Amino acid sequence: MSEVRDVVCPFCGCLCDDLVILVEEGKIAGVKNGCALSITKYLNYNRERISKPMVRKNGELEETSLEEAVNRAAELLANADYPVSYGWSNTSCEAIATGIELMEEVGGVIDNTSVVCHGPSVLGVHEVGHPTCTLGEIKNRADLIIYWASNPLQSHPRHLSRYTVMARGKFRKSRDERTLIVVDVRKTYTARVADYFIQIQPGKDYELLSALRTAVRGEELEQEEVAGVKREHIEEVADLLISCEFGVLFWGVGLTMTGGKYRNIDLAISLVRDLNAYTKFVMMPMRGHYNVVGANAVFTWQTGYPYAVDFSHGYPRYNPGETSVTDILVRGEADAALIVASDPASNFPRKAVEHLSRIPVVLIDPRWTSTTDIAEVVIPTAMLGIEVEGTAYRMDGVPIHMKKVINPPDGLKPDVEILRMILDRIRAMRGG
Amino acid sequence: MKRIKAVLITGRSYSQGMGIEFGKLSQQYRRIMNYCEMNEEDMKEIGVTAGSLVKLKSRRGELVLKTARPLQEVPRGVVFVPYGPWINKIIDEETHSTGMPSLKGIEVEIEPAEEHRAEGREEGGERLE
Ligand code: SF4
């Protein structure tokens, strides 16, 4: 048995880079340092793998050569009037960069999973920016941590132990040197380990953020209770926020998926800005997929915009609501789709899925999902961070090199190579 | 039949995260995902217990799910369903010009739905935490 050390976990936005993977006869035999999610991933990643490229013939997916699948994918995308692309958070920055080039070539729309997770956070941040820092700085310095509408013990299991309350930092060494505040509708597992749990009524984040701002500014709150939280409790928490030395507000999709959406984020930014008049306070969205931050970064440096980028006019346009793939599908406008490392047939609202199942879908993904059922062309890939290397961005924007641990099954290539083959094929078809 | 109004919130969980890794077509994923968590008082009000089938109706559609005892306390008037293929059938596609459908805070009506047991809807509600 051999050990591969300092492996980066390809699951959540924590991108923990301290895993030790045990390899026996070319197979993964064990995981050290991982949480339950990463262990489950490493020990099950090979289940329901797609082994061969497939194209749909007479309604059935049939195995075919990589060349034929690439040709078919190229034809479908090149001949479409308004192709869309979606996914991109579970693959490498190198693949994302190639995908953007491809969608620009065919004059389509490229979007990533932020549109259904932290898209509104990105919109909120567009308005005024946000004060932030690296997770390392939080680990070393933060003495007050808020998780707002986020339950990291379930969604990012090592976040508390690696980066926040349970981490041993340079200047904050133990749990009792840090205060943990959790704001949530449910008394979650994370809420149970909090020093202060604020149980908020569903959809009332905007109200509570406003009340906290009022209290932080030292103004009187008129209501006895806001969002189900007593005035005294709000004032007590406001005092805690003001009197900490280094505070951080982590927020989850609980804040972006409810009514208000980016307006909630706008207000959270305002609260943090107010707090900076008294103390040091930063904020960070709890990004889910391991490379969704990379998707936003690569989109931005290549097109100027973080998601929902439309090339149909020959230059990048960005107008979420109009150019977001969710809306385009619901309006029934797309006539082909390229899906990479994602399963929109499971995760989009029904109306969007209905349209997706009516148009030709090219799917590049290692495993069977509901999206495989509606795909016209399926090209399986090797898995980043397990079978191939590449770059991903941690939730704080730090780029990390993902290692290769074992060899991929025969014939499976990384996403980036497949995308390059499709792009080259499209360019060759167009004579150039 | 007794029914109540509730606010639906979807979310991630340990089981759901692990379920994805078991494979989305697997029985395990189905067993893990296909459930909702309600407050006990609300369950009493419509006469169901953990393990009963209930129907969730939104303005976009309806869905039958198994109820499970909440592992993380759910307040009255709230129903929690793990984020995934089942619940997306009844969420609202309206994005209010943001690209983001409303995945939390959706108004639903909940009523008992034992009559659907014969359709194989009794799977679900197994949690791994
Ligand atoms: S916390 Fe996230 S990145 Fe870290 S080991 Fe667990 S799943 Fe992987």
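In the text below, chain A, chain B and the rest are named by the order of the sequence lines, each starting its count at 1. As the structure is a computational prediction, the values presented were derived from the model and not from experiment.
- Ranked by heavy-atom pairs under 4.5 Å with chain A, the first of B:Arg60, B:Glu93, B:Met100 is B:Met100.
- Counting heavy-atom pairs closer than 4.5 Å to chain B, the top residue among A:Val185, A:Val330, A:Leu123 is A:Val185.
- Remark: B:Leu71 CG to A:Arg186 CZ distance equals 9.5 Å, nearest 0.5 Å.
- Other residues, nucleotides and ligands contribute more than 12 heavy atoms inside 6.0 Å of the NZ atom of B:Lys55.
- Neither the backbone nor the side chain of A:Ala352 comes within contact range of chain B, judged by heavy atoms closer than 4.5 Å.
- In this structure the side chain of B:Asn88 never reaches within 4.5 angstrom of the side chain of A:Ser346, judged on heavy atoms.
- When the shell of 6.0 Å around CD of A:Glu225 is examined, it contains more than 12 heavy atoms from other residues, nucleotides or ligands.
- For A:Asn90, the side-chain contact (heavy atoms from CB on, under 4.5 Å) partners are A:His289, A:Tyr290, A:Ala341, not counting sequence neighbours.
- Applying the salt bridge (Lys or Arg N to Asp or Glu O under 4.0 Å) criterion to A:Arg367, with sequence neighbours excluded, gives B:Glu21.
- Using a 4.5 Å cut-off between heavy atoms, A:Phe348 contacts chain B through its backbone alone, with no side-chain atom that close.
- Across every non-hydrogen atom of A:Thr326 and B:Gly99, the tightest pair is OG1-O, 2.7 Å.
- A:Leu153 touches chain B through its backbone: at least one of N, CA, C or O sits under 4.5 Å from a heavy atom, while the side chain does not.
- For the atom pair A:Lys351 NZ and B:Glu94 CD, the distance stands at 10.0 Å (nearest 0.5 Å).
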Using the rule given for side-chain hydrogen bond (donor to acceptor under 3.5 Å, both in side chains), can you reason through B:Gln72 versus A:Asp184, listing the C-alpha separation, both sets of side-chain angles and the distance that settles it, and then say yes or no? CA-CA 11 Å; B:Gln72 303 176 93; A:Asp184 210 307; over 6 Å; no
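- Both the backbone and the side chain of A:Lys41 come within contact range of chain B, each with at least one heavy atom under 4.5 Å from a heavy atom of that chain.
- Interatomic distance, B:Glu73 CD to A:Tyr189 OH, rounded to the nearest 0.5 Å: 12.5 Å.
- Looking at A:Ser324, the atoms closer than 4.5 Å to chain B (heavy atoms on both sides) all sit in the side chain, from C-beta outward.
- For CD of B:Glu41, the number of neighbouring non-hydrogen atoms (other residues, nucleotides, ligands) closer than 6.0 Å is greater than 12.
- Looking at A:Arg192, the atoms closer than 4.5 Å to chain B (heavy atoms on both sides) all sit in the side chain, from C-beta outward.
- Residue A:Val115 touches chain B through both its backbone and its side chain, counting heavy-atom pairs closer than 4.5 Å.
- When heavy atoms are compared at a cutoff of 4.5 Å, A:Gln199 approaches chain B solely by way of its side chain, counted from C-beta outward.
- Here the straight-line distance linking atom CD of A:Glu322 with atom OG1 of B:Thr95 works out to 11.5 Å at 0.5 Å rounding.
- Within the 4.5 Å cutoff, side-chain heavy atoms of A:Val116 are placed close to those of B:Tyr83.
- Both the backbone and the side chain of A:Asn347 come within contact range of chain B, each with at least one heavy atom under 4.5 Å from a heavy atom of that chain.
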